[in-house]
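Down below is the structure, laid out as structure tokens.
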Amino acid sequence: MLEQHITGNSALYERDDEAMTYAVTWPCLTQGDNMRHAYPLDGDWRIEGLQESLLATLSATGNDNDNDSHDDKRAVIVLYDAMQQLPPLEACRAGLWVYLAHHSLRAYMARRWLSDTTMKASHKESIIKARYFIHDKSRPLWTHGIARLWWIGHMLSRCAMPSLEEGLFLLFLSPPIGERLLAYGMSAEIFTALMRVMADSYHGDRALFQEATFSSFLTRVDIIGGRTMLNALPAKELYQRLSSLATDSLM
């Protein structure tokens, strides 16, 4: 059903008007925690003016691919600064992000993801499905065009990195690895230790920024008990254990 609605209405996603809102979102979002309920965008969520600020983070020619991380790093800072008071429990609700992508921030979304006029229709539809909707547990909040910005900011705010900018640099150095780091390190302690290990690797041989080596590293973590075991360790021992596993991954 979702695919059919995207195919039938994909042209509307490039329009910054209410036609996209009513023709696309309300008919197709009728299942689960999507847009059944209106979300009051007030209180400590500084939504007013946010779209203009996000548009200003984009390069002059637009930004429609998955690899242009410079603009995304700036967008994380802008969006999280505006919405940092959002409770994490609310940030887990798919409907909030689907609502923002289709309503309050739709102009930003269109320019960020759909500005390539040479894009094939099938590719455009796959981008709309991945970046405007949260529909598949195997592709969670980290892939949504707006939710990913908030969650990156939130995770890094809980991480004992020297600065937000350094954390963003490491996460976006390899976007696929960055997404896996976010998904794996759901606790602040694990994520902090993982980011420290990644920083060590960056200032060393940078081997963990190669996908094969990083996959081997996470496999070794899973073999010894994964997140269940790691959560039981004190912070110092957790970092030391992960550092040792990172070294073993190079052998």
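Of the inter-residue distances, the one linking Leu149 atom CG with Leu54 atom CG reads 7.0 Å to the nearest 0.5 angstrom. Rounded to the nearest 0.5 angstrom, Ile128 CD1 and His102 NE2 are separated by 8.0 Å. Between atom CG of residue Leu181 and atom CE of residue Met155 there is a gap of 9.5 Å, rounded to the nearest 0.5 Å. Here the CD1-CG distance, from Ile190 to Leu230, works out to 5.0 Å after rounding to the nearest 0.5 Å. Annotation: the span from Leu164 atom CG to Leu156 atom CG amounts to 6.0 Å, rounded to 0.5 Å. Atom CG of Leu50 sits about 7.5 Å away from atom CE of Met83, to the nearest 0.5 Å.
Classification of the Trp150-Trp97 ring pair by plane angle, with boundaries at 30° and 60°, yields tilted. Aromatic ring orientation, His154 versus Tyr80: tilted (interplanar angle from 30° to 60°).
Considering every non-hydrogen atom in both Leu86 and Ala91, the closest pair reads CD2-CB, 3.7 Å. Nearest heavy-atom pair across Ala193 and Leu242 is CB-CD1, 3.5 Å. Here the closest non-hydrogen pair linking Ala75 and Tyr108 is CB-OH, 3.8 Å. Nearest heavy atom pair, residue Met195 against residue Gly167, reads CE-O, 3.7 Å. Across Gly145 and Trp113, no two heavy atoms sit closer than the pair CA-NE1, 3.8 Å. Shown here for Arg131 and Thr143, the closest heavy-atom pair between the two residues is NH1-O, 2.7 Å.
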What's the verdict on side-chain contact (heavy atoms from CB on, under 4.5 Å) for Ile152 and Lys73, showing C-alpha distance, side-chain angles and the deciding distance?
-> CA-CA 9 Å; Ile152 289 171; Lys73 286 185 286 188; over 6 Å; no

Stepwise side-chain contact (heavy atoms from CB on, under 4.5 Å) check, Gln84 with Asp81 | CA-CA 6 Å; Gln84 60 183 295; Asp81 179 64; 3.6 Å; yes

Please walk me through it: do Leu245 and Phe217 pass side-chain contact (heavy atoms from CB on, under 4.5 Å)?
-> CA-CA 6 Å; Leu245 292 173; Phe217 168 58; 4.0 Å; yes

Determine, stepwise, if the pair Tyr239 / Asp200 fulfils side-chain contact (heavy atoms from CB on, under 4.5 Å).
-> CA-CA 11 Å; Tyr239 165 66; Asp200 292 344; 2.4 Å; yes

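Side chain of Ser201 to backbone of Leu208: a donor-acceptor contact under 3.5 angstrom is found. Using modelled atom types, one side-chain atom of Thr219 and one backbone atom of Ser215 make a donor-acceptor pair closer than 3.5 Å. The closest donor-acceptor contact from the side chain of Ser244 to the backbone of Gln240 lies at 3.5 Å or more, if one exists at all. In this structure a side-chain-to-backbone donor-acceptor pair under 3.5 Å is present from Ser53 to Gly49. For the pair Thr247 (side chain) and Ser243 (backbone), a donor-acceptor distance under 3.5 Å is present. A donor-acceptor pair under 3.5 Å is formed between the side chain of Gln51 and the backbone N or O of Arg106.
For the 3.5 Å distance criterion, the side chains of Thr192 and Arg158 fail to qualify, holding no donor opposite an acceptor. With 3.5 Å as the limit, one finds a donor-acceptor pair spanning the side chains of Asn231 and Ser187.
Counting heavy atoms from C-beta on, the side chains of Phe214 and Met198 come closer than 4.5 Å. At a threshold of 4.5 Å between non-hydrogen side-chain atoms, the residues Ser216 and Arg220 count as touching. With contacts defined as side-chain heavy-atom distances shorter than 4.5 Å, the pair Glu237/Arg241 qualifies. In this structure, Arg148 and Leu141 have side chains that are not in contact, with every pair of non-hydrogen atoms separated by 4.5 Å or more.
The pair Asp116-Lys124 does not count as a salt bridge, with every side-chain nitrogen at least 4.0 angstrom from each carboxylate oxygen.
Note: the hydrophobic cluster containing Leu233 also contains Ile224 (ILVMFWY, side chain heavy atoms under 4.5 Å, direct or indirect links). Put simply, Leu250 and Val221 are part of two different groups of oily side chains (I, L, V, M, F, W, Y) that touch within less than 4.5 Å, one to the next. A chain of hydrophobic side-chain contacts below 4.5 Å, direct or via other Ile, Leu, Val, Met, Phe, Trp or Tyr residues, connects Leu218 to Met229.
Here Tyr184 and Phe191 keep their ring centres 6.0 angstrom or further from each other.
Cation-pi geometry between Arg206 and Tyr202 is met: under 6.0 angstrom from the ring centre, within 45 degrees of the axis.
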